[in-house]
Amino acid sequence: MTTFDKREQGFEAKFIHDEELRFKVVARCNKMLGNWAAGQLGLTGDAAADYANELVTANLANQTSDDTLRKVANDLASKSISKQQVALKMDEFFHVALAQIESGH
């Protein structure tokens with residue numbers, strides 16, 4: 001195996017690791033965002049869990065972060081919560097999720 005082959009394998013391994021990390025962080029972020037939004041909507045119990053899980057599973061179906069933001073913002077518009085407020089929460093939860101995943105939680 002040449003040095004180039006080893007380097008290529010290293011880049012591929014890093015890409016795979018980074019994508020797995022991103023997937024886990026986004027899923028956890030969406031779960032936290034969903035739980036927060038469910039609380040804002042007055043959902044409890046199974047309804048709250050279903051709402052949060054819907055955001056996680058929707059992301060699996062190639063939904064982008066913009067799609068998630070748009071959905072939650074639309075759902076919370078009746079509660080006078082702006083898209084910017086949702087975006088701030090989403091960003092906050094992303095950083096929390098990243099820290100949790102990186103620390104092994």
Side-chain angles (χ1 to χ4, degrees):
M1 182 176 290
T2 67
T3 302
F4 179 75
D5 291 334
K6 289 179 185 176
R7 181 176 283 168
E8 183 178 20
Q9 283 182 341
F11 283 127
E12 288 173 0
K14 181 173 180 356
F15 177 79
I16 290 168
H17 173 267
D18 290 350
E19 285 299 303
E20 287 174 358
L21 178 65
R22 187 182 86 63
F23 173 80
K24 289 176 185 178
V25 170
V26 169
R28 188 171 292 202
C29 171
N30 285 351
K31 181 82 167 193
M32 287 188 277
L33 181 67
N35 286 327
W36 172 78
Q40 300 302 310
L41 292 167
L43 302 175
T44 59
D46 288 343
D50 289 346
Y51 184 87
N53 289 333
E54 179 186 335
L55 290 183
V56 174
T57 56
N59 190 281
L60 297 175
N62 294 324
Q63 184 173 358
T64 67
S65 294
D66 288 340
D67 294 334
T68 301
L69 174 61
R70 189 172 18 265
K71 181 206 179 334
V72 174
N74 287 340
D75 292 347
L76 294 176
S78 66
K79 301 293 182 182
S80 299
I81 297 173
S82 71
K83 186 175 182 179
Q84 291 78 14
Q85 289 171 300
V86 176
L88 287 173
K89 276 295 184 187
M90 194 173 189
D91 187 55
E92 174 187 333
F93 291 137
F94 182 86
H95 291 292
V96 170
L98 179 60
Q100 288 176 349
I101 298 287
E102 287 180 336
S103 70
H105 290 92

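None of these values were measured; they are calculated from a predicted model.
- Considering OG of S80 and CD of Q40, their distance stands at 11.5 Å, rounded to 0.5 Å.
- Applying side chain to side chain donor-acceptor pair (under 3.5 Å) to R70 and the options N74, D66, D67 leaves one that passes, D67.
- In terms of the side chain to side chain donor-acceptor pair (under 3.5 Å) criterion, R22 has no residue partners (sequence neighbours excluded).
- Once rounded to the nearest 0.5 Å, the distance linking CG of N30 with CE of M90 reads 5.5 Å.
- W36 and V96 fall within a single hydrophobic cluster, where Ile, Leu, Val, Met, Phe, Trp and Tyr are joined by side-chain heavy atoms under 4.5 Å apart, directly or via other members.
- Within the 4.5 Å cutoff, no side-chain heavy atoms of N35 are placed close to those of F93.
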Practice task
Decide side chain to side chain contact (heavy atoms under 4.5 Å, CB included) for F23 and E19; before the verdict, give the C-alpha distance in whole Å, the side-chain angles of both, and the deciding distance to 0.1 Å.
Solution key: CA-CA 6 Å; F23 173 80; E19 285 299 303; over 6 Å; no

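- Taking E8 as the reference, nothing meets the salt bridge (charged side-chain N to carboxylate O under 4.0 Å, His left out) condition, with sequence neighbours excluded.
- Hydrophobic clustering, defined by side-chain heavy atoms of Ile, Leu, Val, Met, Phe, Trp and Tyr closer than 4.5 Å, groups F94 together with L21, V25, V26, L98, I101.
- For residues 94-104, every residue pair satisfying the side-chain hydrogen bond (donor to acceptor under 3.5 Å, both in side chains) rule, not counting sequence neighbours, is listed here: R28-Q100, D91-H95, S103-H105.
- Applying the side chain to side chain donor-acceptor pair (under 3.5 Å) test to Q85 and every residue at least two apart in sequence or in another chain returns S82.
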Show me the side-chain donor-acceptor pairs of residues 47-56 shorter than 3.5 Å, one per line, residues at least two apart or across chains.
residue : atom : partner : partner atom : Å
Y51     : OH   : D75     : OD2          : 2.7
N53     : OD1  : K31     : NZ           : 2.4
N53     : ND2  : A49     : O            : 3.1

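- In this structure, the separation between CG on L88 and CD1 on I81 is 12.0 Å, given to the nearest 0.5 Å.
- Residue K89 forms a side chain to side chain contact (heavy atoms under 4.5 Å, CB included) with just one option from L33, V72, L69, and that option is L33.
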